[in-house]
2 protein chains.
Amino acid sequence: MTDQQKDTEQMILNAARKVFIEKGLDGARMQEIADEAGINKALLHYYFRSKDKLFGMIFQEELGKFFPKIISVMSSSEYSLEDKIRAFVNDYISIFIKNPFLPSFILRELQRDPENLRQFIVKSGFDVSSVKFVITNLSNQLNMTFDEARHFMINMVSLCIFPFAGRPLIEKILFSEDKSEYNQFLEERKVIVAEYIIRTLKTGK
Amino acid sequence: MTDQQKDTEQMILNAARKVFIEKGLDGARMQEIADEAGINKALLHYYFRSKDKLFGMIFQEELGKFFPKIISVMSSSEYSLEDKIRAFVNDYISIFIKNPFLPSFILRELQRDPENLRQFIVKSGFDVSSVKFVITNLSNQLNMTFDEARHFMINMVSLCIFPFAGRPLIEKILFSEDKSEYNQFLEERKVIVAEYIIRTLKTGK
DNA sequence: TGAAATTTTAACCATATGGTTAAAATAATT
DNA sequence: AATTATTTTAACCATATGGTTAAAATTTCA
């Protein structure tokens, strides 16, 4: 494969990523992707056979971003639990600040077709059992049941993700549509959410 | 309008609600709605001119369910803050247990077309300023800035909504696709989330 | 320069879909 | 029974869309 081909392929993937993430599989148009990539529909199909195949590649990629790589840090023993939480929250929110539509995209497409999730997870190389391991660790350290630790973990993830998935709503109602104020707000959460969670650990169980 | 007409209209609306909520505007097919309602496409258009009009009615309705009526309770002075939080969380999660796809539906359609939100909010009769009022109250009671209280409020909402919007993902990864266990988990959150939040109030700000 | 690879043009196909129409059939009402 | 309202049938239309094709144009590179 020549460099040029790689370039074109990348341009197409970039365009597809943009359109798919914004509009979803249903809402995206092949023509729009071609336009966005600055090429024509024929060439688009020349590089990627079908819409589904192209979408699959993008979804795969984005799912890889969505699953926090940091999860392994959570199960290491190098840092204190508090520092792990700080790192997790900070890094996870940072990813979403860089990819603001990632949460909505993943949640939307997962809702549309939950069946395919398993194979995508396998292909993404994400180790599901590691999350359960992290939770088991948490439950030991915090003197909790597994179920309680699972709530704790999901709480943490909720606080990171929801402000992105619910942005249009929250921005309108609580920020008078002020985008830069909302961006500032998201920045703040890197620290605030972590400290908020840590605070809950300091009162009795 | 006769009773029969009302019945048919209701049947159509029920069918439309089901299909739209599951598939979204883009994914829904008029034929599928007609089938679900047990009628034909001609009659469907006879009752509701266009897909957009029909969708508009459903979206309006569901947005009304989504906005917590309980928000007014938060600004009353009858209950302690802790009890208000308990009531809010309990009622809000209960709504979603009754309407499990409501969060995904609202978030998805809001993402697709954020522009129309304003007019929908107006028509739904939801008072945006009341939320800001609640937050101002919170900031006074908790010795916080408005910004901090806003984080607090959004945290509370995040913890209620995300487990519904992210259900396919969480269920797969942390519940081995066990639906009844996940339902149990959601039940628990009515209490757990409230107590979790209240706990954060008891350590210094 | 000339062959090979890449890209464009533009017409075309099949299918899906929202929407319409008019007549026939059925049910409700008087 | 006759009238009116509701519902079905089924053909039809316009348009959008994913996808294909073959030839021409352009670029790349030996």
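We name chains A, B, ... by the order of the sequence lines, and we start the count at 1 in each one.
- For B:F185 and A:H151, the distance between ring centers is under 6.0 angstrom.
- For B:R167 and B:F96, the positive end is not near the middle of the six-membered ring at less than 6.0 Å and at most 45° from its axis.
- With sequence neighbours excluded, the residues that form a side-chain contact (heavy atoms from CB on, under 4.5 Å) with B:E36 are B:A15, B:K18, B:V19.
- In this structure, A:T8 does not reach the C:dT6 phosphate: none of its side-chain N or O atoms is under 4.0 Å from OP1 or OP2.
- Counting heavy-atom neighbours within 6.0 Å of B:F146 CZ, excluding the residue itself, gives a total above 12.
- Between A:L44 atom CG and C:dT6 atom P there is a gap of 16 Å when expressed in whole angstrom units.
- Rounded to whole Å, the distance from OH on A:Y46 to P on D:dA25 is 19 Å.
- In this model, the phosphate group of D:dT8 is approached by a side-chain N or O of B:N40 to a distance below 4.0 Å at OP1 or OP2.
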Distances under 3.5 Å only, N/O to N/O: pair up the protein atoms with those of nucleotides 14-24 of chain C.
from, atom 1, to, atom 2, distance (Å)
C:dT17, OP1, B:R29, NH1, 2.6
C:dG18, OP1, B:A28, O, 3.4
C:dG18, OP1, B:R29, NE, 3.4
C:dG18, OP1, B:K51, NZ, 3.0
C:dG18, OP2, B:M30, N, 3.2
C:dG19, OP2, B:H45, NE2, 3.4
C:dG19, OP2, B:K51, N, 2.7
C:dG19, N7, B:K41, NZ, 3.0
C:dG19, O6, B:K41, NZ, 2.8

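- Taking atom CD1 of residue B:I39 and atom C1' of nucleotide C:dT26, one finds them 16 Å apart after rounding to whole Å.
- In this structure, B:K123 satisfies the cation-pi test against B:F120, with its NZ or CZ atom closer than 6.0 Å to the six-membered ring centre and inside 45 degrees of the ring normal.
- Distance B:L43 CG to D:dA5 P: 16 Å, rounded to the nearest Å.
- By the 30° and 60° cut-offs, the orientation of the rings of B:F55 relative to B:F59 is parallel.
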